[in-house]
There are 2 protein chains.
Amino acid sequence: MSAERRPDLAAMLFPLGRALVALEEPILAEHDLGMWAYAVLAGLGDGPVRTQAALAEAIGADKSRVIAVLDDLQARELIERRPDPADRRVRLVSLTPAGRRLRDRVQDAIQHAEQRYLEVLPAGDREAFLRSLRTLARAVRAGRRTS
Amino acid sequence: MSAERRPDLAAMLFPLGRALVALEEPILAEHDLGMWAYAVLAGLGDGPVRTQAALAEAIGADKSRVIAVLDDLQARELIERRPDPADRRVRLVSLTPAGRRLRDRVQDAIQHAEQRYLEVLPAGDREAFLRSLRTLARAVRAGRRTS
DNA sequence: GCGCATCATAGGCTCATGCTTACTGATTCA
DNA sequence: TGAATCAGTAAGCATGAGCCTATGATGCGC
C-alpha cells in the first residue's frame, strides 16, 4: 500500500468533465444557450454586478470572446449592461429578472441531470465528494490570483 | 436546505482540470512528452498489449491523431509496435522497459505535484474524493460503451 | 492641461481538436 | 475466387480557443 497506483487526477477529471458537458449540452440547446452564455448567467449569480473583464476572468473565458456573448444576451434582454456612473469606462453587468428566471430554470435542469451520475456514489462519499470539489475549485481560483 | 445552491459540477470540474493540466505541463516538458504521448504511456500501463484503435478510444483521442504520437514514441524506443501474428491487420502496442521506466518516473512526479492540491482536503474527505473520482470515471467509461 | 493607465471592443493569427474521406493491406465469409 | 469488412495510415477541413495588437473613450496622477 506504500505506492498506491491510482490514475492521475487529470486523467480521471477530464473524461468526467467531458461527460458532464455532454450532459449539459442538450439542456442548454433547449434554451438557445451556448456554454459561454450559460457560464455568464451562472457567473453573474454570485455577485450582484461587476465589470466585464472581471466577469470574463471569473468564468475562465477570454475577454474578447465574452463580448459577443454579452451582446447576444443583452439583445435577448437576459442581462443589462449599463455604464457605471462612478467610472464611465466600465459597464455594470447584471441579470434582468428574465435572465434570473432562465438561469434558475436551466440550473435546476442541469443539476437534476447530474444526479444520475452522483447516484452511483454512496451517500457519505457523495457529500464528501461535493464538499471536496468546492474546496478544490476555490483553491484553484485562489491559486490563479496569487501566482 | 431543500434547494442547496451549489455550482454545477462541470463549472467546478473544468477549472480544476485546467489547473491540473497546467501542473502537468512543465513536468511533461522536462521529459519531452506531450499530453497525448503521456496519455498513451499511462494508458498502456493498464493492459499489457492492445490494438491501436482500442488504445485511442481508451484515452479519448481520435484514431488518426494518435498515429503521429505512436510514431514518435516508437522512434524513441519507448513503445513497441509489432504486427499481431494471429491477425496481421492489428498492431500490438506495448511499452518497452525504457518506456515503462519513463512512465513511472513521470507519473511519480505528477502525483507528487498533485499532492499540493489534495493537501487542502481533510484526510477523510481526500480518501472519499479519490474513491468517488475513480467510481465516476469508471461510470463514464461504462456509459460511453452502452450509449 | 498632459501623459499614462484602464476598460470595452474589434480583428487577426495560430494551434489543437473533431470529423471526414480515401487508400492500402489483411481477414472473413459467401 | 470474389466481395465485404476491418485496422492502420494519411490528408484535409471547419471549428473554437487562446493570445496578441490596435483603437476609442474615459479616468487619474503629475
Side-chain angles (χ1 to χ4, degrees), chain A residues 10-11 14-15 17-19 21-22 24-25 28-29 33-40 43-44 47 49-75 79-94 144 147, chain B residues 10-11 13-15 17-22 24-25 28-29 33-40 43-44 47 49-75 79-94 144 147:
Chain A
F14 254 87
R18 255 183 275 144
V21 167
E24 292 190 3
E25 236 147 34
L28 294 177
L33 287 175
M35 278 296 165
W36 288 123
Y38 176 62
V40 165
L44 281 176
V49 289
R50 256 185 280 191
T51 139
Q52 282 184 206
L55 172 65
E57 202 234 312
I59 62 176
D62 191 70
K63 176 179 51 151
S64 40
R65 203 55 58 170
V66 180
I67 294 174
V69 177
L70 290 177
D71 286 346
D72 175 58
L73 290 176
Q74 190 179 26
I79 64 167
E80 240 181 7
R81 197 159 32 161
R82 293 176 314 147
D84 185 344
D87 182 345
R88 296 218 307 286
R89 288 174 303 180
V90 318
R91 316 291 174 100
L92 296 180
V93 184
S94 57
R144 278 245 169 274
S147 69
Chain B
L13 279 174
F14 254 87
R18 256 183 274 144
L20 267 297
V21 167
E24 292 190 4
E25 235 146 33
L28 293 178
L33 287 175
M35 279 295 165
W36 289 122
Y38 176 62
V40 166
L44 281 176
V49 287
R50 256 186 280 189
T51 137
Q52 282 184 208
L55 173 64
E57 202 234 312
I59 63 177
D62 192 71
K63 175 180 54 150
S64 41
R65 207 51 63 168
V66 180
I67 294 174
V69 177
L70 291 178
D71 287 346
D72 176 58
L73 290 177
Q74 189 179 25
I79 64 166
E80 240 180 8
R81 199 159 31 161
R82 294 177 314 148
D84 184 345
D87 181 344
R88 296 218 308 285
R89 287 175 304 180
V90 318
R91 317 290 174 98
L92 296 180
V93 184
S94 57
R144 279 245 168 275
S147 68

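Letters go in sequence order (proteins before strands), and every chain restarts at 1.
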Visitor: Taking all heavy atoms of A/Leu92 and all of A/Pro85, pick out the closest pair and write down the distance.
Guide: CD1-CD, 4.4 Å
Visitor: Of the non-hydrogen atoms in A/Ala37 and A/Val69, which two are nearest, and what is the gap between them?
Guide: CA-CG1, 3.5 Å
Visitor: Contact class for B/Ser64 (heavy atom, under 4.0 Å): base, sugar-phosphate, or nothing?
Guide: base
Visitor: Not counting sequence neighbours, which residues clear side chain to side chain donor-acceptor pair (under 3.5 Å) with A/Asp84? List them please.
Guide: none
Visitor: Which heavy-atom pair separates A/Ile79 from A/Gln74 by the least distance, and what is that distance?
Guide: CG1-N, 3.6 Å
Visitor: Could you run down the sub-3.5 Å N/O contacts of the protein with nucleotides 22-30 of chain C?
Guide:
residue, atom, partner, partner atom, Å
C/dT27, OP1, B/Arg88, N, 3.2

Visitor: Would you list the protein and nucleotides 15-18 of chain C atom pairs, both N or O, that sit under 3.5 Å from each other?
Guide:
residue, atom, partner, partner atom, Å
C/dT17, OP1, B/Trp36, NE1, 2.8
C/dT17, OP2, B/Trp36, NE1, 3.0
C/dG18, O6, B/Arg65, NH2, 2.7

Visitor: Please list, by residue number, the residues of residues 68-75 of chain A whose heavy atoms come closer than 4.0 Å to an atom of DNA chain D; answer none if no residue qualifies.
Guide: none
Visitor: Just the rounded figure in Å: distance from C1' of C/dT9 to CZ of A/Arg91.
Guide: 9 Å
Visitor: Who pairs with B/Ala54 by side-chain contact (heavy atoms from CB on, under 4.5 Å), at least two apart in sequence or on another chain?
Guide: B/Arg50, B/Thr51
Visitor: Applying salt bridge (Lys or Arg N to Asp or Glu O under 4.0 Å), can you list everything that pairs with B/Asp87, at least two apart in sequence or on another chain?
Guide: B/Arg89
Visitor: Provide the start and end nucleotides, 5' to 3', of the part of DNA chain D that has atoms under 4.0 Å from heavy atoms of chain B.
Guide: D/dC6 to D/dG12
Visitor: Can you list everything that forms a side-chain contact (heavy atoms from CB on, under 4.5 Å) with B/Ala61? Sequence neighbours excluded, please.
Guide: B/Trp36, B/Ile59, B/Val66
Visitor: Give me the atom names and distance for the closest heavy-atom approach of A/Arg18 to B/Phe14.
Guide: N-CE1, 4.4 Å
Visitor: Using every non-hydrogen atom in the two residues, find where A/Val21 and B/Ala10 come nearest and quote the distance to one decimal.
Guide: CG2-CB, 4.5 Å
Visitor: Does A/Leu55 reach the side chain of A/Leu70, with side-chain heavy atoms less than 4.5 Å apart?
Guide: yes
Visitor: Under the side chain to side chain donor-acceptor pair (under 3.5 Å) test, which residues partner A/Asp71, sequence neighbours left out?
Guide: A/Arg81
Visitor: Which pair of non-hydrogen atoms, one from A/Ser94 and one from A/Leu44, has the smallest distance, and what is that distance?
Guide: C-CD1, 4.4 Å
Visitor: Flag the pair B/Glu25 / B/Met35 as yes when at least one side-chain heavy-atom distance between them is below 4.5 Å, and no otherwise.
Guide: yes
